[in-house]
Chemist: 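So that we are looking at the same thing, I have put the structure below in structure tokens.
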Amino acid sequence: MSQSVERAAGILNALAAEPATVIELAERFGIHRSTMFRELQSLEQVGFVRRQIDGTYVVGIRLAVLGGAALEQLDLRGAAYAHLRRLHRIVGNTLHLGALMGDEIVYVDKVEDASGVRMYSRVGAAVQPHCSGIGKAVLAELPVEKRDTLLAGCDWHPYTANTLTSRAALDAELALTARRGWAFDDAEFEDFVGCVAVPIVTAAGVVGALSLTALRAAQSRRQLEQRVPMLRETAAEISHQLG
């Protein structure tokens, strides 16, 4: 990958997380302000970024259009769309669909909790593999070499007191996950929620995972585990539709 393309991708990823000024971006990427300004001008001309009235830059509408087109073309999202919403009508909880895309797992669909509770996650964002239900459900189905690749950039940051902070601890958890066929996120990324997840597996191997998330104050681990059979049934339906 050329340096300019790699830097442009880095800028877009940074702005997707939060707005930033030319100075902030120049410092972050270690380049002169004038160079960063030219980069942003080029991205602005094609609609990938937009300058706000306060001088900060954000991602542009053109990028949103392309992102939407990419998601629409993803077979997993299309195959799961109706199944995900049918399950949501039954359970009411937040549902996430994650897809294995190259060397990362990405949220490709999400249905919010019927009660109006909103979760941090967003469609198009990468899944934290070591501290999410979807991440662990996918990792548990992968051969060791592919698992190594997905975890290569993991910094083992402790988001909560329950976050697994070593490869040894994660591997033990993944062994358990593989044996029982489903994963559990015990408040490992956000300390107020719990999550159960199941892999979506086709003849070609694991392609993603489906998860159900709830506030810990509203549903206990035992109650979440009771949702696993429905998640498995939905995952099987999605797998069948994918062929």
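Nothing fancy with the numbering, it's 1 onward along the sequence.
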Chemist: Side chains of Leu174 and Arg147: does their closest heavy-atom pair fall under 4.5 Å?
Modeler: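 In contact.
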Chemist: Do Phe192 and Leu215 come within less than 4.5 Å of each other through their side chains, counting heavy atoms only?
Modeler: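 Touching, per the 4.5 Å side-chain cut-off.
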Chemist: When you compare the side chains of Gln241 and His83, does any donor N or O come within less than 3.5 Å of an acceptor on the partner?
Modeler: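 There is such a pair between these side chains.
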Chemist: Begin from the C-alpha positions of Ile134 and Tyr107 and carry the test side-chain contact (heavy atoms from CB on, under 4.5 Å) through to its verdict.
Modeler: CA-CA 9 Å; Ile134 281 181; Tyr107 290 114; 4.0 Å; yes
Chemist: Find out whether Leu95 and Arg85 are in side-chain contact, i.e. whether some heavy atom of one side chain is under 4.5 Å from a heavy atom of the other.
Modeler: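 In short, these two side chains do not touch, never coming nearer than 4.5 Å.
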Chemist: Is any side-chain heavy atom of Val58 less than 4.5 Å from a side-chain heavy atom of Val49?
Modeler: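 When only atoms from C-beta onward are counted, Val49 and Val58 do not touch, as no gap falls below 4.5 Å.
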Chemist: Ignoring hydrogens and geometry beyond distance, is a side-chain donor-acceptor pair present between Gln128 and Ser132 at under 3.5 Å?
Modeler: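 On atom types as modelled, these side chains do not qualify, holding no pair under 3.5 Å.
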Chemist: Would you name the heavy atoms of Pro199 and Gly181 that are closest together and state the gap between them?
Modeler: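 In this case the closest contact between Pro199 and Gly181 is CD-O, 3.5 Å.
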Chemist: Heavy-atom count around Arg86 CZ within 6.0 Å, excluding the residue itself: above 12?
Modeler: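 Count over threshold, so yes.
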Chemist: Search all heavy atoms of Asp185 against all heavy atoms of Cys131 and return the closest pair with its distance.
Modeler: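 Closest pair (atom of Asp185, atom of Cys131, distance): OD2-O, 3.7 Å.
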Chemist: Any side-chain heavy atom of Leu150 sitting closer than 4.5 Å to one from Glu104?
Modeler: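 No, too far: nothing below the 4.5 Å cut-off.
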Chemist: Ignoring hydrogens and angles, tell me if any N or O in the side chain of Thr149 forms a donor-acceptor pair with the backbone of Glu145 under 3.5 Å.
Modeler: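 Yes; judged by distance alone, with no hydrogens or angles, the pair exists.
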Chemist: Parallel under 30°, tilted from 30 to 60°, perpendicular over 60°: which one fits the rings of Trp156 and His130?
Modeler: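 Trp156 and His130: perpendicular rings.
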Chemist: What pairs of donor and acceptor atoms, side-chain ones from residues 9-17 against any protein atom, are under 3.5 angstrom apart with sequence neighbours left out?
Modeler:
from  : atom 1 : to   : atom 2 : distance (Å)
Asn13 : ND2    : Ala9 : O      : 3.3

Chemist: Measuring from Thr56:OG1 to Glu18:CD, what's the distance to the nearest 0.5 Å?
Modeler: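 Separation between the atoms: 10.5 Å.
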Chemist: Are Arg33 and Phe37 in a cation-pi setup, meaning NZ or CZ lies under 6.0 angstrom from the ring centre and within 45 degrees of the ring axis?
Modeler: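 Here Arg33 fails the 6.0 Å and 45° test against Phe37.
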Chemist: Roughly how far apart are Met36 CE and Leu25 CG, rounded to 0.5 Å?
Modeler: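 If I round to the nearest 0.5 Å, the distance is 5.0 Å.
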Chemist: Between Arg50 and Glu44, is the closest basic N to carboxylate O distance under 4.0 Å?
Modeler: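 Between Arg50 and Glu44 there is no salt bridge, as every charged N stays at least 4.0 Å from the carboxylate O atoms.
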Chemist: Where do Cys195 and Leu224 come nearest, in terms of heavy atoms and distance?
Modeler: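 Distance-wise, the nearest heavy atoms are N-CD1, 3.8 Å.
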Chemist: Might you point out which heavy atoms bring Ala235 and Leu210 nearest each other, and give the distance in Å?
Modeler: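 Smallest interatomic distance, heavy atoms only, reads N-CD2, 4.2 Å.
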Chemist: State, yes or no, whether a side-chain contact exists between Arg38 and Ser42 at a heavy-atom distance under 4.5 Å.
Modeler: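 Result no, sub-4.5 Å side-chain heavy-atom pair not found.
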Chemist: Any carboxylate oxygen within less than 4.0 angstrom of a Lys/Arg side-chain nitrogen, looking at Asp103 and Lys146?
Modeler: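 Here Asp103 pairs with Lys146 in a salt bridge, since their nearest N and O are under 4.0 Å apart.
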Chemist: Enumerate the residue pairs fulfilling side chain to side chain donor-acceptor pair (under 3.5 Å) with a member in residues 224-236, sequence neighbours excluded, ordered by first and then second residue.
Modeler: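 Only Arg221-Glu225 qualify under side chain to side chain donor-acceptor pair (under 3.5 Å).
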Chemist: Quick one: do Leu139 and Leu151 satisfy side-chain contact (heavy atoms from CB on, under 4.5 Å)? Show the steps, please.
Modeler: CA-CA 9 Å; Leu139 289 172; Leu151 292 171; 4.0 Å; yes
Chemist: Starting from Val201, can I reach Val144 by hopping between I/L/V/M/F/W/Y residues whose side chains sit under 4.5 Å apart?
Modeler: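 No, Val144 does not connect to Val201 through the hydrophobic network.
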Chemist: What closest approach, in Å, do Ala183 and Ala137 show between heavy atoms, and which atom pair accounts for it?
Modeler: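 Scanning both residues, the minimum pair turns out to be CB-N, 3.6 Å.
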Chemist: Check whether any side-chain heavy atom of Tyr81 sits under 4.5 Å from a side-chain heavy atom of Leu97, and report yes or no.
Modeler: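 Tyr81 does not reach Leu97 side chain to side chain.
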Chemist: Checking side-chain contact (heavy atoms from CB on, under 4.5 Å) for the pair Thr202/His240: CA distance, chi angles, key distance, verdict?
Modeler: CA-CA 8 Å; Thr202 68; His240 178 74; over 6 Å; no
Chemist: Which heavy atom of Pro19 sits nearest a heavy atom of Gln52, and at what distance?
Modeler: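 Closest approach of Pro19 to Gln52: CB-NE2, 4.1 Å.
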Chemist: Side chains of Asn162 and Thr160: do they bring a donor and an acceptor to under 3.5 Å?
Modeler: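 Judged by distance alone, the side chains do not pair up.
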Chemist: Decide yes or no for Leu231 and Trp182: does some side-chain heavy atom of the first lie under 4.5 Å from some side-chain heavy atom of the second?
Modeler: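 No - every pair of side-chain heavy atoms lies 4.5 Å or more apart.
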Chemist: Within this structure, what is the OG1-CG distance for the pair Thr165 and Leu170, rounded to the nearest 0.5 Å?
Modeler: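 Interatomic distance, Thr165 OG1 to Leu170 CG, rounded to 0.5 Å: 10.5 Å.
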